[in-house]
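Each remark here refers to the structure printed beneath this line.
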Amino acid sequence: MFVRNLLTVAIIAFVPASTAIASGGGSEPVPSRDWSFSGLSGTYDKAALQRGYKIYREVCSSCHSMKRIYFRNLSDLGYNEAQIKNIAAEYTVEDGPNDEGDMFERNGLPSDALPSPFPNVQAAKFANGGAFPPDLSLIIKARGNGANYTSALLTGYKDTPPHGEELSDGQYWNTYFPGHKLAMAPPLSEGQISYEDGSLETLEQYSHDVVQFLTWASDPYMEERKSTGFKVIIFLIIFAGIMLAVKRKVWADLH
Ligand code: HEC
């Protein structure tokens with residue numbers, strides 16, 4: 001029973017979210033990319049996480065919220081406490097009510113969640129031609145084959161729809177979006193965001209980095225889970241060895 005429980009733990013610990021077998025999401029087969037976080041010993045690439053956060057902050061955050069992420073969580077990206085305080089302080093957040101019952105604005109603190117661009121769903125839809133930009137905190141988990149799908153989505157726009165297809169105002173053709181007609185204009189283009197670490201400023205690199213960041217956001221404990229999985233497996237191997245030795249010893253006299 002005990003061993004079976006341990007095995008279950010080990011199996012759960014080893015199923016990486018990013019390699020979910022379901023390949024839903026796109027209506028075209030989604031190409032697979034190489035990710036540092038896939039595989040049994042995969043880890044997040046901290047430099048890519050930081051670049052990805054920069055992209056989210058400078059581009060995606062004008063439409064998409066990430067309500068489940070708090071500034072203090074950014075320590076996973078390799079930022080220290082002082083850096084996180086500075087990052088948070090660059091944002092203005094609404095707080096209150098104060099003693100007079102009014103809401104007021106102040107600088108962000110590490111304990112705040114990342115501020116949302118719109119106060120409610122209606123405002124978000126109104127600003128986006130009726131389409132709702134989903135919260136991105138768990139988007140990689142919410143889509144089948146999430147990392148590959150999101151990366152393909154960001155790079156999969158076509159300037160003109162295939163022959164015979166019509167787009168209405170505010171619609172864009174995307175090879176990988178189910179139904180192809182997406183209400184999000186291509187958010188990324190070559191050279192749009194400047195990198196300080198010398199990484200390529202290409203669409204491919206941007207989509208790689210922002211997906212790395214979004215994958216971390218939807219699965220921040222992945223590294224811990226995998227390392228626990230390893231420890232459990234090693235424990236099981238040693239335990240099996242000991243059991244074998246005990247069995248031999250117990251039965252030795254009977255032959
Ligand atoms: C100008 C606003 C805007 C910006 C900027 C923007 N998006 Fe979107 N996004 C939308 C809207 C609107 C939708 C919903 C589209 C629909 O359902 O047709 C959407 C949908 C999505 C989806 C879900 C697609 C699906 O399968 O349902 C993902 C993922 C996404 N955006 C990622 C991003 C990322 C990553 C960025 C930054 C690089 C970004 N978006 C920037 C407006 C935006």
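Start at 1 and go down the list; that is how both ligands and their atoms are numbered. Note: hydrogens, waters and symmetry copies are ignored here, and every other heavy atom, side chains too, is used.
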Could you tell me, atom by atom, which parts of ligand 1 come under 4.0 Å of a heavy atom of [X]?
X	result
Leu188	38 (C)
Pro134	19 (C), 20 (C), 23 (C)
Ser62	5 (C)
Pro133	10 (C), 11 (C), 13 (C), 42 (C)
Val59	5 (C)

Tell me: protein heavy atom nearest [atom], and distance?
atom	result
atom 31 (N) of ligand 1	His64 NE2, 2.8 Å
atom 36 (C) of ligand 1	Cys60 SG, 2.8 Å
atom 18 (O) of ligand 1	Ala183 N, 2.9 Å
atom 1 (C) of ligand 1	Cys63 SG, 2.7 Å
atom 17 (O) of ligand 1	Phe177 CZ, 4.2 Å
atom 25 (C) of ligand 1	Arg143 NE, 3.3 Å
atom 26 (O) of ligand 1	Tyr149 OH, 2.5 Å
atom 15 (C) of ligand 1	Leu182 CD1, 3.5 Å

- [ ] Look at atom 28 (C) of ligand 1 and find which of Leu153, Val211, Asn128, Ile55 reaches it with the closest heavy atom.
- [x] Leu153
- [ ] From the options Gln205, His208, Arg51, select the one residue that forms a side-chain hydrogen bond (donor to acceptor under 3.5 Å, both in side chains) with Ser199.
- [x]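 Single side-chain hydrogen bond (donor to acceptor under 3.5 Å, both in side chains) partner of Ser199 among Gln205, His208, Arg51: Arg51.
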Open item on the list: Parallel, tilted or perpendicular: which one describes the rings of Trp173 and His180, with boundaries at 30° and 60°?
Closed with: parallel
Task: Side chain, backbone, both or neither: Pro178 near ligand 1, heavy atoms under 4.0 Å - done: neither
Open item on the list: Less than 4.5 Å apart, side chain to side chain, heavy atoms only: is that true for Tyr206 and Glu190?
Closed with: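 Tyr206 does not reach Glu190 side chain to side chain.
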Could you check whether [Y] and [X], counting side-chain N and O atoms only, form a donor-acceptor pair closer than 3.5 Å?
X	Y	value
Tyr195	Asp209	yes
Glu90	Asn86	no
Ser168	Gln171	yes

Show the nearest heavy-atom pair for residues [X] and [Y], with the distance to one decimal.
X	Y	value
Tyr44	Asp219	OH-O, 2.9 Å
Leu77	Gln50	O-NE2, 2.9 Å
Ser38	Lys226	C-NZ, 4.2 Å
Ala183	Ala131	CB-CB, 3.4 Å

Open item on the list: Would Phe132 count as a contact residue for ligand 1, given that I'm defining contact as a non-hydrogen atom of the residue lying under 4.0 Å from a ligand atom?
Closed with: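 Yes, Phe132 has heavy atoms under 4.0 Å from ligand 1.
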